[in-house]
Visitor: 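Dropping the structure in here first, questions after.
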Amino acid sequence: TQLLEQSPQFLSIQEGENLTVYCNSSSVFSSLQWYRQEPGEGPVLLVTVVTGGEVKKLKRLTFQFGDARKDSSLHITAAQPGDTGLYLCAGERVPRGKLQFGAGTQVVVTP
Amino acid sequence: GAVVSQHPSRVICKSGTSVKIECRSLDFQATTMFWYRQFPKQSLMLMATSNEGSKATYEQGVEKDKFLINHASLTLSTLTVTSAHPEDSSFYICSAPIPRGGGETQYFGPGTRLLVL
């Protein structure tokens, strides 16, 4: 059962445009992580959000955690070709450390 | 630099043979590691939790006799795919937690691409 719904599944935009990826669930998670994965490689952690309503910024990336800790969003401002990749959200389950991944959003940024 | 390594990075084997994949934590100890499987164009699915000094715990639907896990030391977990079949072809990824800022951060290995002919 897929507990985390990510949308959209695929996003193709031009360099300089903005984009938002959503991660929604009916379950509450103790924390939620966002990863980026390149083809043939393991996921690389971008951010962990823990507190409901939390907003974190990482350069051009802004992450929000919903007040109820069930949903999250990733917003990229002025996307660059280097932002191309598979973006995955993952909720931390009990016992601690077990991650439930969303299906992923493939982002393609063209010059 | 990498904090979790995997070996081999890719392996091709014949149907019916067994394949061992290693996951190592570099410069830190991990009493727990996690094994995931990722099919093409799909997300990561947790297979099992590897526990140092005790049996692994498997997710529902994952055959423990087919996917043998041994957490031999605080820096090494191995996943052995026994009697591999073409449907076992996948990208296998491990992760290990590192304490960070009062919590834990999962670091993932680079993955092992398995192709069963």
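Residue numbers start from 1 in every chain, and the chains themselves are labelled A, B, ... in the order their sequence lines are given, proteins ahead of strands. None of these values were measured; they are calculated from a predicted model.
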Visitor: Determine whether A:Leu46 and A:Val107 fall in the same hydrophobic cluster, where Ile, Leu, Val, Met, Phe, Trp and Tyr are linked whenever their side-chain heavy atoms lie under 4.5 Å apart.
Guide: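 Yes.
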Visitor: Is there a path of hydrophobic side-chain contacts, each under 4.5 Å between heavy atoms, that joins A:Val108 and A:Leu19?
Guide: no
Visitor: Within residues 81-94 of chain B, which positions have a heavy-atom distance to chain A below 4.5 Å?
Guide: B:Phe91, B:Ile93
Visitor: For residues A:Leu32 and A:Val47: do they belong to one hydrophobic cluster (side chain heavy atoms under 4.5 Å, members Ile, Leu, Val, Met, Phe, Trp, Tyr)?
Guide: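 Linked within one cluster.
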Visitor: List the atom of B:Ser43, the atom of A:Phe101, and the distance in Å for their closest heavy-atom pair.
Guide: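 What the structure gives for the nearest pair is OG-CB, 3.3 Å.
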Visitor: Assess the residue pair B:Leu44 and A:Gln37 against the criterion (side-chain contact (heavy atoms from CB on, under 4.5 Å)); give the C-alpha distance rounded to whole Å, side-chain angles, the decisive distance to 0.1 Å, and a yes or no.
Guide: CA-CA 11 Å; B:Leu44 283 75; A:Gln37 185 180 25; 4.0 Å; yes
Visitor: More than 12 heavy atoms of other residues, nucleotides or ligands under 6.0 Å from NZ of B:Lys20: is that the case?
Guide: no
Visitor: Non-hydrogen atoms of chain A under 4.5 Å away: do they reach the side chain of B:Gln38, the backbone, both or neither?
Guide: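 The side chain, not the backbone.
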Visitor: For A:Glu92 and B:Gln106, test the side chains for any donor-to-acceptor distance below 3.5 angstrom and give the result as yes or no.
Guide: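 There is no such pair between these side chains.
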Visitor: Checking an interface table here. Which of residues 48-68 of chain B come within a heavy-atom distance under 4.5 Å of chain A?
Guide: B:Thr49, B:Glu59
Visitor: Mind checking the CG-CZ spacing from A:Leu99 to B:Phe108? Nearest 0.5 Å is all I need.
Guide: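 That separation rounds to 5.0 Å.
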Visitor: Where on A:Gln9 is there a heavy atom nearer than 4.5 Å to chain B: the side chain, the backbone, both, or neither?
Guide: neither
Visitor: Counting only heavy atoms from other residues, nucleotides and ligands, does the tally under 6.0 Å from CZ of A:Arg60 exceed 12?
Guide: yes
Visitor: In terms of hydrophobic clustering (I, L, V, M, F, W, Y; side-chain heavy atoms under 4.5 Å; direct or indirect links), are B:Val116 and B:Val11 co-clustered?
Guide: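 Yes, B:Val116 and B:Val11 fall within the same hydrophobic cluster.
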Visitor: With clusters defined by side-chain heavy atoms of hydrophobic residues (ILVMFWY) lying less than 4.5 Å apart, directly or transitively, does B:Ile98 cluster with B:Met33?
Guide: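 No, B:Met33 and B:Ile98 fall in different hydrophobic clusters.
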Visitor: Heavy-atom pairs under 4.5 Å with chain B: which of A:Ala90, A:Gly40, A:Pro39 has the most?
Guide: A:Gly40
Visitor: With a 4.5 angstrom heavy-atom cut-off, which part of B:Leu46 approaches chain A: side chain, backbone, both or neither?
Guide: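 The side chain, not the backbone.
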